[in-house]
Amino acid sequence: MISRDTIMVYVVSAIVFLSIVVYLYYRNIYSFWRKMGVFNIEPEFFFGNAKDRVLFRKSFHEFHRDIYFKFKGHRYAGFYVGRRASLVILDPEIIKCIMIKDFNHFTDRQTMRLRTSKYITEMLINLKGSKWKKMRSQLTPSFTSGKLRTMEHLIDICCNNMSDFLNDNIKSENGFKPYELEMKDFFGKFTLDVIATCAFGVESNSLTDVTGGFASRVSKFATLSITKRLSLYIIILFLPGLARFVPLSFFNMKVIYFLANVIKEAKSYRMSTGQKRNDFLQLLLDSESNPDNKNENKQNEDSLTEPQIVAQSVLFLIAGFETSSTLLTFTCYELAINQEIQIKLREEICSILDRYNGKCTYEAMQEMTFLDMVLGETLRMHPPVAQLERVCTQDYMIPDSNLILQKGTAVQIPVIGLHYDPEYYPDPYKFDPNRFSAEEKASRHHYVYLPFGTGPRNCIGLRFALMSTKRGMVHLLKNFSIELSNRTTVPYIYSKHSMFLKAQNGIWLSFNKLNTS
Ligand code: HEM
């Protein structure tokens, strides 16, 4: 019979032994960049360099901006998130090589190999190598200016609904009264309507729909229970190897299956009635229309399967919803603070619309160069995506250095840091659309402005996002003035709990009817 004391000795020895093993393991991992001769900040046990973020002490955006300035002065620097090592690239010339010139060494992003549905794994954003290349070239024709122009009228319906909603709420017995609302919620609904109509063929009016329709079901696509959230967090940070065995997803799968059904129903309706619609869904369905494609295994080389179509439509919602509504939110925020810029922008919009008989045609929109500048500056100061990622897919020597990156190493492009670097943007906290005049843009390094990423794997929805945002802004500015309200916090406080760019207490602004007499 083993005595209690002996058991205690075994247990304590085992704990000490395990602690030493874990300690040596982490010490070895955290010596990676030092051994490579790469500058890095001393990592902390378990957390690497990400303690402030993991413990929610800083927002995602502030965290990445601060890291950039700790590395400033180096062309690249080593970084650890938990156990994962990545190289942060600061030199715009190296960024250009990685994202464009030597893109064939960096075709992929780092994705978790979670055990999840095809609707997630088949999304363009998650594909790698030749599978990504094929899907990207199949989808690219849907995003040409010509194809997008056919969707303008669908977006205008959403813009009119938005104006009607504001008009109804601004009206009062004695004329008009300012209407105060939270921008992220407001523009989230508008953006959802735009994506619903263009990617799912669903005409929704989320601003007036309070009955639990499409919008309210779908807006919960990223809502996860605390247990699921925590499990994902632990796996990502400490046990990434476990990911492929655990049936977990970053998304609320109930919403994803609901969306898959919406698409299946729209498809069968269109097939039974022969009805076609000018939207993304039609473009995707057309590439499936060969009858041979019904059998997934016999499909034509260039056609899409049903899970692939669902995956891309859902991806357009996931990739477009948060980003586009954030851009609209912060554009209005900056215009409310900078009234003189708002007035100048409205003058541009109204004078151009006058020449086009009040019609928001494609050509009219092309002429609104100051609007482009305002959106450009908003995306500089408030980029929805704070950093870009690539994985080295073939060993690569960093230009003008002796550093060889091995296959599998992650690289990060610090978008938010570059956007706030006074070397490229003097007085970076000042909202100044003139930075985006043709001359200013030409005088700056091209790769220090990356709100949509760059190179062959940049944002495929860039044109669509700008087209819908610009049309939304034109409808708003020609009818309403945008003002700060009692509830606006300037400067806003970044939310520490969101992965996305969010203000802690929301962005509250007031809309008022313009005096057009
Ligand atoms: C203001 C709005 C938007 C911003 C700021 C934005 C930004 C970005 C960024 C930074 C990336 C990564 C690019 C890179 O790694 O180089 C990206 C990728 C992507 N975006 Fe957007 N996006 C926006 C709207 C949209 C919309 C409306 C859609 C769809 C209709 C969309 C679809 C995608 C897709 C599918 C990818 C992955 C591309 C690939 O892996 O090949 N985005 N976006």
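These numbers come from a predicted model, not from an experiment. Hydrogens, waters and symmetry mates play no part in the numbers below; they use all other heavy atoms, side chains included. Each ligand, and each atom within it, is numbered from 1 in the order the structure gives.
- Across the listed options Thr323, Ile318, Leu127, Thr323 owns the non-hydrogen atom lying nearest to atom 24 (C) of ligand 1.
- Other residues, nucleotides and ligands contribute more than 12 heavy atoms inside 6.0 Å of the CZ atom of Phe69.
- Counting heavy atoms from C-beta outward, Tyr429 and Pro491 have side chains that stay 4.5 Å or more apart.
- Counting non-hydrogen atoms of neighbouring residues, nucleotides and ligands closer than 6.0 angstrom, the NZ atom of Lys96 reaches no more than 12 such neighbours.
- Ligand-side atoms of ligand 1 in range of Asn458: 13 (C), 16 (O), 38 (C), range being under 4.0 angstrom from any heavy atom.
- Each of the atoms 37 (C), 40 (O) of ligand 1 lies under 4.0 Å from some heavy atom of Ile125.
- Counting the atoms of ligand 1 from 1 in the order shown, those under 4.0 Å from a heavy atom of Arg136 are 38 (C), 39 (C), 41 (O).
- Counting the atoms of ligand 1 from 1 in the order shown, those under 4.0 Å from a heavy atom of Ile460 are 34 (C), 35 (C).
- Of the protein's heavy atoms, Arg390 NH2, 2.8 Å lies nearest to atom 16 (O) of ligand 1.
- In this structure, Arg444 does not pair ionically with Glu423, as no charged nitrogen and carboxylate oxygen lie closer than 4.0 Å.
- The aromatic ring centres of Phe280 and Phe143 sit less than 6.0 Å apart.
- Applying the 4.0 Å criterion to heavy atoms of Gly320 picks out, from ligand 1, the atoms 25 (C), 26 (C), 27 (C).
- Of the polar atoms of Trp132, at least one N or O is found under 3.5 Å from an N or O of ligand 1, judged by distance alone.
- Nearest protein heavy-atom neighbour of atom 4 (C) of ligand 1: Phe452 CE2, 3.4 Å.
- For atom 19 (C) of ligand 1, the nearest non-hydrogen atom of the protein is Cys459 CA, 3.8 Å.
- The backbone N or O of Val448 sits less than 3.5 Å from a side-chain atom of Tyr425, completing a donor-acceptor pair.
- Looking only at heavy atoms of the protein, atom 12 (C) of ligand 1 is closest to Arg109 NH2, 3.8 Å.
- Between Phe330 and Phe431, the distance separating the two ring centers is not shorter than 6.0 angstrom.
- Taking the six-membered ring wherever Trp is involved, the centroid distance between the rings of Trp132 and Phe103 falls below 6.0 Å.
- Among protein heavy atoms, the minimum distance from atom 33 (C) of ligand 1 is reached at Ala319 CB, 3.6 Å.
- Aromatic rings from Phe190 and His475 are positioned such that their centres are separated by 6.0 Å or more.
- Where the criterion is an N or O separation shorter than 3.5 Å, residue side chain and backbone included, Glu389 fails it with respect to ligand 1.
- Ligand 1 does not have Phe321 within reach: every non-hydrogen atom of the residue lies 4.0 Å or more from it.
- Among protein heavy atoms, atom 28 (C) of ligand 1 sits closest to Gly461 CA, 3.7 Å.
- Here is the list of ligand 1 atoms found below 4.0 Å of a heavy atom in Thr454: 16 (O).
- Partner of Gln282 under the side-chain hydrogen bond (donor to acceptor under 3.5 Å, both in side chains) criterion, out of Arg277, Arg270, Lys267: Arg270 alone.
- Each of the atoms 10 (C), 13 (C), 14 (C), 16 (O) of ligand 1 lies under 4.0 Å from some heavy atom of Gly453.
- Near Pro451, with a cut-off below 4.0 Å to any heavy atom, the atoms of ligand 1 are 5 (C), 7 (C), 10 (C).
- Two rings, from Tyr68 and Tyr420, have their centers 6.0 Å or more apart.
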